[in-house]
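Some notes on the structure that comes next.
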Number of protein chains: 2
Amino acid sequence: MSIKGIDLGDVQPPELRQLQAYFALTEAVALLNHQVEQQLRAQGEISAVQFELLMALVKTESLSMTQLADGVVYSRSGLTYQAGLLEKAGLVTRRSNPEDERATLLAITDKGRETVAKVLPGHIEVTRRLLYEAVSDEDLDRLRDIMTRVRDNIRTEPPRSAAPRKRRPGRTNP
Amino acid sequence: MSIKGIDLGDVQPPELRQLQAYFALTEAVALLNHQVEQQLRAQGEISAVQFELLMALVKTESLSMTQLADGVVYSRSGLTYQAGLLEKAGLVTRRSNPEDERATLLAITDKGRETVAKVLPGHIEVTRRLLYEAVSDEDLDRLRDIMTRVRDNIRTEPPRSAAPRKRRPGRTNP
DNA sequence: TATTGTTATACTCTATAACTATA
DNA sequence: TATAGTTATAGAGTATAACAATA
């Protein structure tokens, strides 16, 4: 198989279909993220990352940095940076964990909850218009199942560069 | 419906399912992109954006900046920046279009083709391992169809912030 | 006047490595 | 010694606005 103009040699039809799926996937998500960023910034003055962090905190009341990092793709320093921004904006608090003085516990504030409440309807609106409008309910469930599987697949086996440090005990190799 | 710990008020079950799909989607793609970036950087010293641009040029031999911008999420200046990097690396050439001296035509070089050829097998390998391994052939086709529809849906109607300037004639409003 | 592209600039974000403190 | 987190710093990337040149 060859893509017009270049000899792609080993790219066989199944791989080509995979490439198409991959490009459609990443392009769609890039466009989607772009719009979501705008909406979150406009209505809540937060980024998509910060929204993710707030959503994680909303569900749990208090998380350590490490626990939070498990849900995001960031380096530890990047997370510290974002936590700093959120704290400065009054959306979260940081305190040390009495049971382990090394840890920092993050908790969402009332203002943080307000921000989530303020931003969430618009977020749902945007994703509905851009994502779900083009997708049947059936496909939506399928999409969720597929991507959940993909996410779990990526999260399990391969070395996560987002976690240069092993979080789980029992592993000693770098 | 409420997510533990906060009253999310208007978030009804269907919206909740949508949110779950959205988060799974973006999280999976973020993880995926991360790994792909590493592979491309390691094997070809290019970023994912640059890979996208090269792939677009491989298929067409010559594109203007505007045409290229249509396929990416970038601002014009961002594209100029990336084109500059690619040119400096010797992977593309820039020349002006004889038929419209305003335009800049990009073309991939032999070295650019070599880079694509060098990087593509690894790219396919990574996406296969991370994306397709968790997905049946059937689901893959479905995923491609769904995301293609989503992409087209986003690209058509709403105002694309990536194109602050209208590319198509006949629209005069800012 | 509208369009194509570049430049200058400022800013956001991310990662690496060194560092502190606790377990 | 290993782990949790922060800081310092450097680099990549992006966007905005002003600009030059062509249509």
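Naming convention: chains lettered A, B, ... in sequence-line order (proteins, then strands); numbering from 1 in each chain.
- In this structure, A:Tyr81 atom OH and D:dA4 atom C1' are separated by 21 Å, rounded to whole Å.
- For B:Arg94 and C:dT6, the shortest distance from a side-chain N or O to OP1 or OP2 is below 4.0 Å.
- A:Thr104 comes within 4.0 angstrom of the backbone, heavy atoms only, and of no base.
- Between A:Glu27 and B:Arg155 there is a salt bridge, since a side-chain N of the basic residue sits under 4.0 Å from a carboxylate O of the acidic one.
- Here C:dG5 is the nucleotide among D:dA15, C:dG5, D:dA2 with the atom lying nearest to any side-chain atom of B:Met65.
- Summarising the geometry, the separation between NE2 on A:His34 and P on C:dT12 is reported as 16 Å, rounded to the nearest angstrom.
- Within the 4.0 angstrom heavy-atom criterion, no nucleotide atom of any strand lies near B:Leu68.
- Between B:Arg41 and B:Glu45, none of the side-chain N atoms (NZ, or NE/NH1/NH2) sits under 4.0 Å from a carboxylate O, so this pair counts as no salt bridge.
- Counting only distance, with no hydrogens or angles, the side chain of A:Thr109 and the backbone of A:Leu91 share a donor-acceptor pair below 3.5 Å.
- Taking atom CG on A:Leu79 and atom P on C:dC13, their separation rounds to 13 Å, with Å as the unit.
- For C:dT14, its base never sits under 3.5 Å from the side chain of A:Ser77 at any donor and acceptor pair.
- At whole-Å resolution of the value, CG in A:Leu85 and P in C:dC11 are 15 Å apart.
- Residue-level contact check: A:Thr80 touches the bases, meaning some heavy atom is under 4.0 Å from a base atom.
- Rounded to an integer number of Å, the gap from B:Glu87 CD to C:dT6 C1' is 12 Å.
- Scanning atom types as modelled, one donor and one acceptor separated by under 3.5 angstrom connect the side chain of A:Arg76 and the base of D:dG5.
- Atom CG in B:Leu31 sits roughly 14 Å away from atom P in C:dT14 (whole-Å rounding).
- Between the CD atom of A:Gln38 and the P atom of D:dT16 there is a distance of 8 Å, given to the nearest Å.
- Where A:Gln50 and A:Glu101 meet DNA chain C, the nucleotide closest to each residue was compared, and A:Gln50 sits on the side nearer the 5' end.
- With salt bridges taken as basic N to acidic carboxylate O contacts below 4.0 Å, none links A:Lys111 and A:Glu114.
- Checking the phosphate oxygens (OP1, OP2) of D:dA4, no side-chain nitrogen or oxygen of A:Gln67 falls inside 4.0 Å.
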Where do B:Gln43 and B:Gln39 land on the side chain to side chain donor-acceptor pair (under 3.5 Å) test, with the steps shown first? CA-CA 6 Å; B:Gln43 298 186 357; B:Gln39 180 266 322; 2.9 Å; yes
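- If you check every strand for non-hydrogen atoms under 4.0 Å, B:Asp100 touches sugar and phosphate atoms only.
- Closest to the side chain of B:Arg102, out of C:dT3, C:dT14, D:dG13, is C:dT3.
- Judged purely by atom type and a 3.5 angstrom limit, A:Thr115 has no side-chain atom pairing as donor or acceptor with the backbone of A:Gly44.
- Contact annotation: A:Tyr74 reaches the phosphate of C:dT14 (side-chain N/O to OP1 or OP2, under 4.0 Å).
- Taking the side chain of B:Gln82 as heavy atoms from C-beta on, and the options D:dG13, D:dA2, C:dT16, the nearest nucleotide is D:dG13.
- When the nearest nucleotides of DNA chain C are assigned to A:Glu37 and B:Leu105 by heavy-atom distance, the more 5′-ward of the two goes with B:Leu105.
- In this entry the distance linking CG of A:Asn97 with P of C:dA21 reads 19 Å, nearest Å.
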